[in-house]
Structures are given as C-alpha cells and as structure tokens.
Protein chains: 2
Amino acid sequence: MDDVARLANVSPKTVSRVFTQRDLVSAATVERVLAAAKRLKFRPNSVARNLRGGASSTVGLIIGEMLNPFYSRVATGLEKVLSEHGKTLIVATTDDTAEGEERVADTLLSQRVSALLMIPVGEDQSYLEGERQLGSPVIAIDRPARNLVADSVVMENRNGAFEATRSLMEHGHRKIAYICNPANVYTQVERLRGYREALAGTGKAAATPWERLIDDPAIDPVHVVSELLDIADPPTAIIAGNNRMCVGVLRALHGKDNPPALIGFDDFDTADILGVSVVSHDAMEMGRRAGELAMERIADPTGFTQQLVLPTRLILRGSGERPPLAS
Amino acid sequence: MDDVARLANVSPKTVSRVFTQRDLVSAATVERVLAAAKRLKFRPNSVARNLRGGASSTVGLIIGEMLNPFYSRVATGLEKVLSEHGKTLIVATTDDTAEGEERVADTLLSQRVSALLMIPVGEDQSYLEGERQLGSPVIAIDRPARNLVADSVVMENRNGAFEATRSLMEHGHRKIAYICNPANVYTQVERLRGYREALAGTGKAAATPWERLIDDPAIDPVHVVSELLDIADPPTAIIAGNNRMCVGVLRALHGKDNPPALIGFDDFDTADILGVSVVSHDAMEMGRRAGELAMERIADPTGFTQQLVLPTRLILRGSGERPPLAS
DNA sequence: TTGAAAGCGATACCAC
DNA sequence: GTGGTATCGCTTTCAA
C-alpha cells in the first residue's frame with residue numbers, strides 16, 4: 001500500500017480511503033490511486049483489514065461431509081446469502097464424528113470467522129459457550145445445539161413423519177416400518193416420534209415391532225431390509241429416515257416382485273424417475289435462513305435467539321401409494 | 001496474548017513459542033502458559049499469524065456450484081488433503097459464469113489464500129497471470145486453464161468417450177447420438193472428439209447428424225431428446241455428455257417402450273438401481289490430486305508445472321447394452 | 001531458555 | 001480532502 005501511495009503521491013491513508021470510502025476522496029485523486037494500484041498489481045489484503053475490527057469477512061460452516069446432497073444443499077443456500085453480504089465461506093467437515101466437530105470448530109475459530117454455523121453431530125456443544133460469550137455467534141442447522149445458547153433452523157420433522165405415516169395408513173397400511181441410520185440424532189428422534197404418534201392414533205404412542213434404529217454407519221441397509229421383510233409378521237410399508245437410507249431401501253427392494261410401499265425422507269435427484277414418494281423439504285432454504293440469521297446476529301449480538309422451523313411436504317410419486325399385499 | 005503472558009509471568013514471545021515451537025520452552029513454563037491461556041480462553045489468532053509470512057493457512061476453491069455432485073466430490077477429496085496439512089478450505093461458486101469466476105477469484109486472492117484451485121469456466125484465465133507471478137499458485141481441475149501457466153488435473157475424456165462409443169458399436173449400434181450442455185468446455189470438446197473418432201473408425205473423424213451440442217442451460221434436455229428421436233433417421237443409442245444431461249435423458253426416455261441404448265458420463269448415486277451404464281471417473285481423486293499438487297507448489301513455487309491425467313472406466317449396467325431396434 | 005524491538009498490511013482517531 | 005500516529009495479534013530477528 002505504501003508503494004501505491006508513493007507512486008500516486010498521496011498518503012497510505014488516502015489509498016486506504018480509495019478502497020473503502022471512495023466518496024470521501026476527490027475524483028482526481030481516486031483516479032491517480034487506482035492507476036498506481038493497477039500498475040503495481042495492488043490488491044487490498046482483506047485479512048490484514050480485519051485484523052483491527054474483530055469480525056472478519058469469513059463465516060465458518062461445519063458439516064458432516066460434502067458428499068451428502070443434503071449437506072451440500074445447505075451449503076449452497078448459505079453461500080448465496082454470504083456472497084450477497086460480501087462474506088466468504090469456509091467449509092470444514094467432521095466425518096460425522098463428535099471429535100471431528102470439536103477439532104474443526106477450533107480451527108475455524110482460530111481463523112476468527114465472524115460466525116460459526118454448524119449441523120451439530122456431537123451430543124454436547126457446551127464447549128462453544130465461551131466463544132459465544134466472546135462474540136462468535138453460533139447457528140445450529142437441522143438439529144438444535146445442545147447445552148448452548150444458539151439460534152437454530154430446523155424442519156418439521158415430527159409432522160413430516162406423521163403425515164407420511166398417515167398417508168400410508170390411508171392407503172390401507174397398518175404394519176409400517178421405520179428404518180434409519182444413524183438413530184441418535186435429533187431429526188430421527190423427532191421423526192420416529194411422529195411415526196409412532198400416527199400409528200397410535202388417539203392411543204398412546206409406543207414402539208412398534210417394525211422399527212429398525214441402527215447406529216452403525218457400517219451396517220448395510222440392504223441387509224437390514226432383507227431381514228425385516230423375512231420376519232414372521234413383515235411390514236407392508238417402509239419409511240426411510242433419510243436420503244441415504246432411502247436409496248439403500250430402494251436397492252434392497254430392487255427386483256423384488258411385490259415390494260412394500262415406500263416413503264423416504266429428503267428428496268433426491270432421480271426420485272421422480274424412480275417413482276419414489278418422499279417427505280421433501282427445502283435444504284437450500286435452511287442454509288439461506290441460517291445465513292440470514294447469522295448476518296442478523298453479527299449485526300446485533302444481543303438480540304433474542306430464534307428457532308426457525310421450516311415446513312416439510314409430502315410428495316407422492318407412486319412408491320408410497322402401493323396398497324398392502326392382500327395376503 | 002499479552003494478557004496471557006502477564007498472567008503466566010513470561011514475555012509474549014514465550015507464549016508465542018508455546019503455541020508454535022513448544023520444544024524450545026521449558027516444561028514448567030509451558031504448563032504455566034497453557035494454564036493461563038485456558039483461564040483466559042485464549043486461542044491463537046491464525047489470521048494474525050499469517051499476516052507476516054505471506055502464505056496463509058487457507059486454500060481457495062472456485063467451482064460452478066455445490067449442488068452438482070461432481071463438484072462436491074472434487075471438493076471432498078480436496079478438503080481431505082487440506083485438513084491433513086492443517087489448511088482450511090474456502091469455497092466460492094461462480095454459477096458457472098465467467099464473470100462470477102473473476103469476481104470470486106478476486107475475493108479469494110484478497111483473502112490471501114495460499115493457493116487457488118479452480119474448475120475454470122471462463123474462456124481465459126490470463127487475468128490470474130499477475131497473481132501467479134506474485135506467488136499464488138493456481139491449479140486447474142477438470143479443465144486446463146487457458147492462457148495461464150498452471151498445474152492441472154484432468155481426466156481421459158477423449159478415451160472415455162471413445163470406449164463408450166466403441167462399446168455401443170460392438171453391441172450393433174451405428175447411429176449413435178452425443179448430447180451435451182454446455183458444449184463449449186474442454187471436457188465436452190474432448191469427449192466429442194473421442195466419440196467422432198470411434199465412429200469414424202480408420203476414416204477421418206467428422207461431425208455426425210446425431211450430435212446435439214447445446215449451450216444454453218435453460219434448454220430442457222427432455223425436449224432435445226424427444227426431438228432427436230423424432231427425426232427421419234433417429235439414433236439407436238445415446239451418449240450423454242455429463243451427469244446432468246444423463247439424468248435429463250433418462251427422464252425423457254422414461255416410460256418409452258423401446259428406448260435407445262444409453263451411456264452417461266459421470267457416475268451417480270442411483271445409477272445402479274436404474275441400470276444406467278456410465279463412463280465413470282473418480283472425482284474425489286481429482287480433488288485429492290489437485291490438493292497434493294497445490295501443497296507441492298506451495299512448498300516449491302519454482303518446479304515444473306504438471307498435468308495429471310486420470311483414467312476413466314466404462315461401467316456396463318444394462319442401458320448401454322440394449323441392442324438397436326430391428327426396424 | 002527467555003526477552004526486547006521492529007514490522008506484517010491495513011484502519012481508526014484526531015489533526016490540518 | 002488529506003495526512004500523521006497508534007494499533008490490531010502475532011512472528012521474526014537479534015541479544016542476553
């Protein structure tokens with residue numbers, strides 16, 4: 001910057017002004033500075049810029065992995081909002097482990113991100129409490145943070161599952177399975193609850209014999225489904241707890257003669273071609289709203305924390321409307 | 001840091017040492033400093049840290065959009081390598097426009113990323129030449145950079161298309177279509193060439209009547225396919241130039257009685273269930289190799305630039321082996 | 001093994 | 001409109 005100032009015959013401060021509050025500088029000076037900057041290939045260093053003010057121009061996002069289209073949709077929505085606000089997105093992945101989460105949170109905070117957005121995977125985010133007090137807002141996406149005051153954006157998990165189950169019941173099903181992996185996360189707990197409530201009707205919601213709550217990513221959905229369909233009183237319909245599980249179930253049912261009905265959670269690219277009914281939601285919108293929440297919180301760290309709940313929508317494409325086998 | 005130093009009764013420099021070259025400090029001092037740091041919730045500011053040295057701990061990636069699974073696979077592979085090297089990933093998207101590319105490149109360079117990785121979308125990257133000379137290595141992924149010295153990682157586009165075409169020919173096809181959108185990118189030019197060469201046999205490769213090289217993202221693949229199958233001498237097989245187009249073709253063929261054979265470029269999640277033959281490649285590996293190339297170039301900016309070419313693999317799942325209609 | 005001083009690239013505050 | 005000066009949080013000399 002000093003070089004530019006020298007070449008343009010002004011003070012460094014004026015150069016700085018040209019790149020930040022251009023209207024405070026005379027047109028002639030601006031032109032001279034810009035020319036000098038161009039010649040010297042000068043580009044303001046936004047890192048140094050933010051050294052002073054505290055809040056940087058970056059925002060951190062912690063997700064399980066980028067391969068999962070749900071996560072990448074969230075990232076997309078978020079990135080859109082950020083770029084509108086001149087912020088850039090730092091993405092870090094946890095491989096869906098709690099240790100990974102703490103590790104990358106630490107890294108991102110070292111980078112002084114102006115906000116930390118995350119899809120929590122660990123069971124406890126209290127380790128972030130100090131940071132939050134120090135001024136790094138935390139926004140939880142898809143699942144609320146635990147033991148931490150944080151804004152959050154989630155979806156209507158329970159109601160989505162409730163409606164899916166009810167829809168299957170209206171098509172004559174009564175023996176309905178619920179399969180998911182992982183199971184110990186907020187979204188699945190909620191969805192399971194909605195499923196049970198629908199099945200219970202006015203009675204008391206309780207576990208059913210057709211629930212398969214897996215918690216080991218290594219277990220093959222195909223295997224689980226095969227086993228499930230082989231039990232004495234097999235289900236006539238299946239609800240898959242997330243996109244991954246839904247594809248797994250599809251794979252398991254593939255080629256079967258009289259497949260059970262199927263409704264998946266999360267929409268996916270070829271679901272229309274495959275005729276798969278799903279509980280759909282707008283993951284990009286989640287990212288977008290989370291981004292807006294972050295901008296809000298950066299602007300006013302003292303406001304009330306909010307919990308946004310986004311709707312889900314049942315999309316019927318065929319697989320969810322298959323009647324039960326008349327056995 | 002000063003506060004920590006005061007509390008631990010040492011100089012700031014010693015605190016710095018504890019967090020960087022711990023072995024140069026006595027064990028007792030280390031402990032005292034760490035305790036003080038913990039009490040004060042001190043976390044080294046890696047932004048300020050890098051203010052001095054030049055190269056920062058971030059690496060920038062410019063991609064078209066995160067929704068495209070190809071891009072996100074590349075990002076995944078890259079992120080893996082970076083986290084092993086203690087670097088974090090800043091992702092910026094261009095919406096697949098050249099202007100977007102320049103804009104976000106500028107932003108990332110302002111952030112002083114230690115390397116700039118990109119899937120070039122514009123037709124000219126010479127605008128980065130200055131930066132490269134100033135010490136920001138540029139790595140092109142999937143497509144070589146134009147008018148710029150840069151390392152790159154690409155795949156065997158031409159050969160992949162060649163083999164797909166040959167495979168269709170071996171199954172009796174002669175009237176083979178090639179559909180893609182966009183068309184004016186390196187990958188498509190190469191694939192088209194492979195397709196033509198295979199069809200030409202020993203003759204001179206030339207355009208065929210079944211090529212549909214679209215360049216408007218708004219045009220619906222379904223429409224293009226319908227039209228293509230309605231011409232006087234319709235193709236009996238189709239090669240789709242990328243994942244998006246492949247799904248589009250699938251959608252168009254869906255429900256048709258005697259669909260043409262189909263081979264797609266890029267594998268996708270449910271391709272096995274849908275029985276779609278594809279030219280597959282390892283996008284994560286591309287990201288990984290690009291990351292390694294970046295680390296290499298950061299360590300030694302003077303080395304020869306490299307061009308890595310990764311193989312493709314034809315996966316036959318049914319759609320590519322349908323024989324031509326005996327019409 | 002530890003410390004003092006200068007500086008990285010920019011901005012904020014206060015003069016002129 | 002423009003220019004000094006201190007400062008942000010840390011690291012790199014060079015000494016002790």
Side-chain angles (χ1 to χ4, degrees), chain A residues 1-34 36-37 40-58 86 88 106-114 131 134-136, chain B residues 1-34 36-37 40-58 86 88 106-114 131 134-136:
Chain A
M1 201 167 91
D2 285 347
D3 297 338
V4 175
R6 214 169 301 126
L7 183 59
N9 251 320
V10 294
S11 80
K13 175 67 225 190
T14 300
V15 177
S16 165
R17 282 205 188 89
V18 169
F19 284 96
T20 47
Q21 327 167 58
R22 188 158 304 175
D23 38 319
L24 294 185
V25 183
S26 74
T29 314
V30 169
E31 202 164 330
R32 227 162 358 113
V33 170
L34 251 28
L40 264 40
K41 295 189 208 297
F42 168 80
R43 185 196 307 279
N45 181 334
S46 71
V47 171
R49 168 131 73 204
N50 294 134
L51 194 53
R52 203 90 210 278
S56 78
S57 62
T58 59
T88 59
D106 195 73
T107 308
L108 291 184
L109 289 167
S110 289
Q111 304 265 5
R112 294 299 188 269
V113 291
S114 58
E131 312 301 333
L134 258 53
S136 298
Chain B
M1 202 167 87
D2 285 346
D3 297 338
V4 176
R6 213 169 301 126
L7 184 59
N9 250 321
V10 294
S11 79
K13 174 66 224 186
T14 300
V15 178
S16 165
R17 282 206 187 89
V18 168
F19 283 96
T20 48
Q21 327 169 58
R22 187 160 303 177
D23 38 320
L24 294 184
V25 184
S26 75
T29 313
V30 169
E31 203 164 329
R32 228 163 358 115
V33 170
L34 250 29
L40 266 39
K41 294 190 209 295
F42 169 79
R43 184 196 307 279
N45 180 334
S46 70
V47 172
R49 167 132 71 208
N50 295 133
L51 195 52
R52 204 93 211 279
S56 77
S57 62
T58 57
T88 57
D106 195 73
T107 308
L108 292 183
L109 289 166
S110 289
Q111 304 265 7
R112 294 300 188 269
V113 292
S114 59
E131 312 302 332
L134 258 52
S136 297

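Everything quoted here is computed from the prediction, not taken from an experiment. Numbers restart at 1 for each chain; the letters A, B, ... are given by sequence-line order, proteins then strands. Keep in mind that the numbers below use all heavy atoms, side chains included, and drop hydrogens, waters and symmetry copies.
- Contact between the side-chain N/O atoms of B:Thr29 and the OP1/OP2 oxygens of C:dT1 is not found at any separation under 4.0 Å.
- Within the 4.0 angstrom heavy-atom criterion, only backbone atoms of the sugar-phosphate kind lie near B:Phe42; the bases stay farther away.
- Put simply, CG on B:Asp3 is 10 Å from P on D:dC10, counting in whole angstrom units.
- With rounding to whole Å, A:Asp23 atom CG is found 12 Å from D:dG1 atom C1'.
- Note: CG (B:Leu40) to P (D:dG9) measures 13 Å, nearest angstrom.
- Rounded to a whole Å, the CG atom of B:Leu51 is 17 Å from the P atom of D:dT7.
- Within 4.0 Å of A:Val10, counting heavy atoms only, lie sugar-phosphate atoms of the nucleic acid but no base atom.
- Phosphate proximity of C:dT2 to B:Ser11: absent, as no side-chain N or O sits under 4.0 Å from OP1 or OP2.
- What separates CZ of A:Arg112 from P of D:dC10 is a distance of 7 Å, to the nearest Å.
- Minimum heavy-atom separation, A:Thr14 to A:Val25: CG2-CG1, 4.2 Å.
- Across every non-hydrogen atom of B:Ala8 and B:Ala36, the tightest pair is CB-CB, 4.0 Å.
- The shortest non-hydrogen separation linking B:Met1 to B:Pro12 is CE-O, 3.3 Å.
- C:dA4 atom P lies 12 Å from atom CE of B:Met1, rounded to whole Å.
- Nearest heavy-atom pair across B:Thr20 and B:Arg49 is CG2-NH1, 3.4 Å.
- Closest to the side chain of B:Asn45, out of D:dT2, C:dT1, D:dG9, is D:dG9.
- The CD atom of B:Gln111 sits 4.0 Å away from the OG atom of A:Ser57 when rounded to the nearest 0.5 Å.
- Comparing C:dA10, D:dC10, D:dT11 against the side chain of B:Ala48 picks out D:dC10 as the nearest.
- For the pair B:Asn9 and B:Arg32, the tightest heavy-atom approach, listed with the atom from each and the gap, is CB-NH1, 3.8 Å.
- Listed by chain and number, the residues in a salt bridge (charged side-chain N to carboxylate O under 4.0 Å, His left out) with B:Arg22 amount to none (sequence neighbours excluded).
- The side chain of B:Thr14 contributes an N or O atom lying less than 4.0 Å from OP1 or OP2 of C:dG3.
- Here the straight-line distance linking atom CD of A:Glu131 with atom CG of A:Leu108 works out to 11.0 Å at 0.5 Å rounding.
- Residues B:Ser56 and B:Ser114 come closest through the heavy atom pair O-CB, 3.4 Å.
- For B:Ser110 (side chain) and A:Asn45 (main-chain N/O), no donor-acceptor pair under 3.5 Å exists by modelled atom type.
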Pairs: protein N or O with nucleotides 13-16 of chain C N or O, under 3.5 Å:
none

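- Distance A:Arg6 CZ to D:dG3 C1': 15 Å, rounded to the nearest Å.
- As judged by a 4.0 angstrom heavy-atom cut-off over every strand, A:Pro44 is placed among residues touching the sugar-phosphate backbone only.
- Inter-axis angle, ends of the helix from C:dT1-D:dA16 to C:dC16-D:dG1, five pairs per end, rounded to 10 degrees: 30°.
- If you take CG of B:Asp2 and P of D:dT7, they are 12 Å apart, rounded to a whole angstrom.
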